[in-house]
Each structure stands twice: as structure tokens, then as C-alpha cells.
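Data first, discussion second: the structure below is written as C-alpha cells.
The first residue in the sequence is number 1, and the count goes up from there.
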Amino acid sequence: MVREIKENELNELLELYLHLHEKSVPEMTEHLTKTWKAIIKDDNHHIVVKITDEKIVSSCVCVIIPNLTRNVRPYAFVENVVTHADYRGKGYATECLNYAKEIAEKSNCYKMMLLTGSKEDKTLNFYQNAGYNSTDKTAFIQWLE
């Protein structure tokens with residue numbers, strides 16, 4: 001089953017993020033709790049999850065960003081695409097991305113964007129097969145401390 005995350009599933013999501021790039025599950029601080037509540041209450045912030053074996057095995061974030069161009073149509077930004085290492089290669093991340101696309105279409109978005117830090121052909125081909133391209137735009141990132 002693919003759906004949006006429930007408020008009580010934060011710990012499970014944080015555990016899944018260990019298969020993304022996190023080294024440890026963050027401490028349950030007041031800041032983390034406030035951030036989680038803000039995300040859950042934000043109608044434009046969607047955390048999509050794939051449930052298999054009664055647990056979250058894959059996820060992505062889809063944020064709808066209001067916009068004043070393109071006939072005042074929003075766009076979607078996809079981030080934190082991850083699948084638990086034991087469940088990769090089964091199409092679960094694709095299911096999450098497709099669900100995110102449905103959210104973007106229902107929100108009348110004119111485009112979806114995502115960034116990946118991976119240079120691996122397997123990962124890049126995965127995103128291309130999911131309908132994304134790397135030729136229309138050039139991404140620049142400035143990391144802040």
C-alpha cells in the first residue's frame with residue numbers, strides 16, 4: 001500500500017532514513033518535535049510511504065510550492081527518495097514517485113523537480129525511467145552551515 005505518512009510514524013521514517021544518508025536516528029528534541037508537527041500540518045508538504053510487511057519500506061517527500069509564473073501554477077519538488085536496502089529492486093520507490101506525481105497533478109503543478117547526489121548510472125537511469133530528465137535545467141546548490 002502507498003499512502004501519506006501518519007503522524008505516529010515519525011520514528012519508523014527516521015529509521016528508514018538510515019538507508020538514505022543519515023548515520024544515526026536524531027535525538028527526539030523539542031526542535032525535532034516542532035519540525036515534525038509543522039510538516040504534518042503543512043498542506044503542501046507530503047511524505048509518501050510504501051507499506052510492506054506492516055512497515056515503511058520506501059518513501060519520498062513531495063512539496064508543492066506556490067508560484068506566480070506559469071499562469072500562477074505551482075510546482076512540485078521531490079526529495080529524500082529512499083528504499084530500505086532489503087527491499088530495493090521491487091518497484092517500491094517508483095510507486096512512491098508515482099503517488100507523488102498524482103499529488104502534483106491534483107495540485108495543478110506544471111512540473112516536478114528532484115535532485116540527486118548520486119552519480120551512479122543505476123540511480124540516474126531509475127529517475128529517467130520514472131519520467132525525469134537531466135537536460136532541461138541545471139541545478140546549483142549552495143550548502144549552508
Item to check | Atom pair CD1/NE2 of I39 and H45 - distance to nearest 0.5 Å | outcome: 4.5 Å
Checklist entry - Okay, side chain of D53, backbone of K55: is any donor-acceptor separation there less than 3.5 Å? => result no
Item to check | Side chains of Y127 and N133, donor plus acceptor under 3.5 Å | outcome: no
Checklist outcome for this item: Taking every heavy atom of C62 against every heavy atom of A76, the minimum-distance pair comes out as SG-CB, 4.0 Å
Checklist entry - Can V2 be reached from I103 by stepping across I, L, V, M, F, W or Y side chains whose heavy atoms are under 4.5 Å apart? => result yes
Checklist outcome for this item: When rounded to the nearest 0.5 Å, the distance separating OG1 of T52 from OH of Y87 is 7.0 Å
Item to check | Path from Y17 to V63 over hydrophobic side-chain contacts below 4.5 Å | outcome: yes
Next on the checklist: Could you check whether any side-chain N or O of H19 sits under 3.5 Å from a backbone N or O of A85, counting only pairs where one atom can act as donor and the other as acceptor?
Outcome noted: yes
Checklist entry - Are any side-chain N or O atoms of S59 and backbone N or O atoms of V48, one a donor and one an acceptor, separated by less than 3.5 Å? => result yes
Next on the checklist: Checking side chain to side chain contact (heavy atoms under 4.5 Å, CB included) between I5 and each of L10, I51, V61, I40, which is the one that passes?
Outcome noted: I40
Next on the checklist: Assigning hydrophobic clusters by single linkage (Ile, Leu, Val, Met, Phe, Trp, Tyr; side-chain heavy-atom cutoff under 4.5 Å), is I65 placed with M112?
Outcome noted: no
Next on the checklist: Main chain of C60, side chain of N80: is a donor-acceptor contact present, judged purely on distance under 3.5 Å?
Outcome noted: no
Next on the checklist: Assess whether a salt bridge exists between R3 and E9, defined as any Lys/Arg side-chain N lying under 4.0 Å from an Asp/Glu carboxylate O.
Outcome noted: yes
Checklist entry - Hey, what do you get for CD1 (I47) to CD (E79), rounding to the nearest 0.5 Å? => result 11.5 Å
Checklist outcome for this item: All heavy atoms of E27 vs all of L32, minimum pair found to be O-CD2, 3.5 Å
Checklist entry - Do the side chain of S118 and the main chain of T123 share a donor and acceptor less than 3.5 angstrom apart? => result no
Checklist entry - Would one find more than 12 heavy atoms of other residues, nucleotides or ligands at under 6.0 Å from atom NZ of K6? => result no
Checklist entry - Closest approach of F126 and A93, non-hydrogen atoms and distance? => result CZ-CB, 3.6 Å
Next on the checklist: Would you call the rings of Y110 and Y75 parallel, tilted or perpendicular, taking 30° and 60° as the class edges?
Outcome noted: perpendicular
Checklist entry - Shared ILVMFWY cluster between I141 and M113, side chains joined below 4.5 angstrom? => result yes
Next on the checklist: Could you report the tightest heavy-atom contact between L124 and K119, atom names first, then the distance?
Outcome noted: CD1-O, 3.9 Å
Next on the checklist: Quick one, Y99 and H46 - any side-chain contact, counting heavy atoms below 4.5 Å?
Outcome noted: no
Next on the checklist: For the CZ atom on R70, are there more than 12 heavy atoms of other groups (residues, nucleotides or ligands in this structure) within a distance under 6.0 Å?
Outcome noted: no
Checklist entry - After noting the C-alpha distance and the side-chain angles of V82 and S58, does the key distance pass the side chain to side chain contact (heavy atoms under 4.5 Å, CB included) rule? => result CA-CA 6 Å; V82 60; S58 189; over 6 Å; no
Checklist entry - How many angstroms lie between CG in L115 and OG in S134, if you round to the nearest 0.5 Å? => result 11.5 Å
Checklist entry - So, the side chain of D42 versus the backbone of A38: is there a donor-acceptor pair under 3.5 Å, distance only? => result no
Next on the checklist: Between F77 and W143, is there shared hydrophobic-cluster membership here, with clusters defined by ILVMFWY side-chain heavy atoms closer than 4.5 Å?
Outcome noted: yes
Checklist entry - Got a donor-acceptor contact below 3.5 angstrom from the E12 side chain to the I56 backbone? => result yes
Checklist outcome for this item: Taking every heavy atom of A130 against every heavy atom of L97, the minimum-distance pair comes out as CB-CD1, 3.9 Å
Checklist entry - What are the two closest heavy atoms between V81 and L20, and how far apart are they? => result O-CD1, 3.4 Å
Next on the checklist: Treating W36 as the side-chain partner and H31 as the backbone partner, does any N or O pair qualify as donor plus acceptor under 3.5 Å?
Outcome noted: no
Item to check | 4.5 Å side-chain heavy-atom contact, V25 and L18 | outcome: yes
Next on the checklist: Using only atom types and a distance under 3.5 Å, with no angle test, would you say the side chain of N71 pairs donor to acceptor with the backbone of R73?
Outcome noted: no
Next on the checklist: If you count heavy atoms of other groups shown closer than 6.0 angstrom to CG of L68, is the number above 12?
Outcome noted: no
Checklist entry - Could you state the interatomic distance from NZ (K106) to CD (E102), rounded to the nearest 0.5 Å? => result 5.5 Å
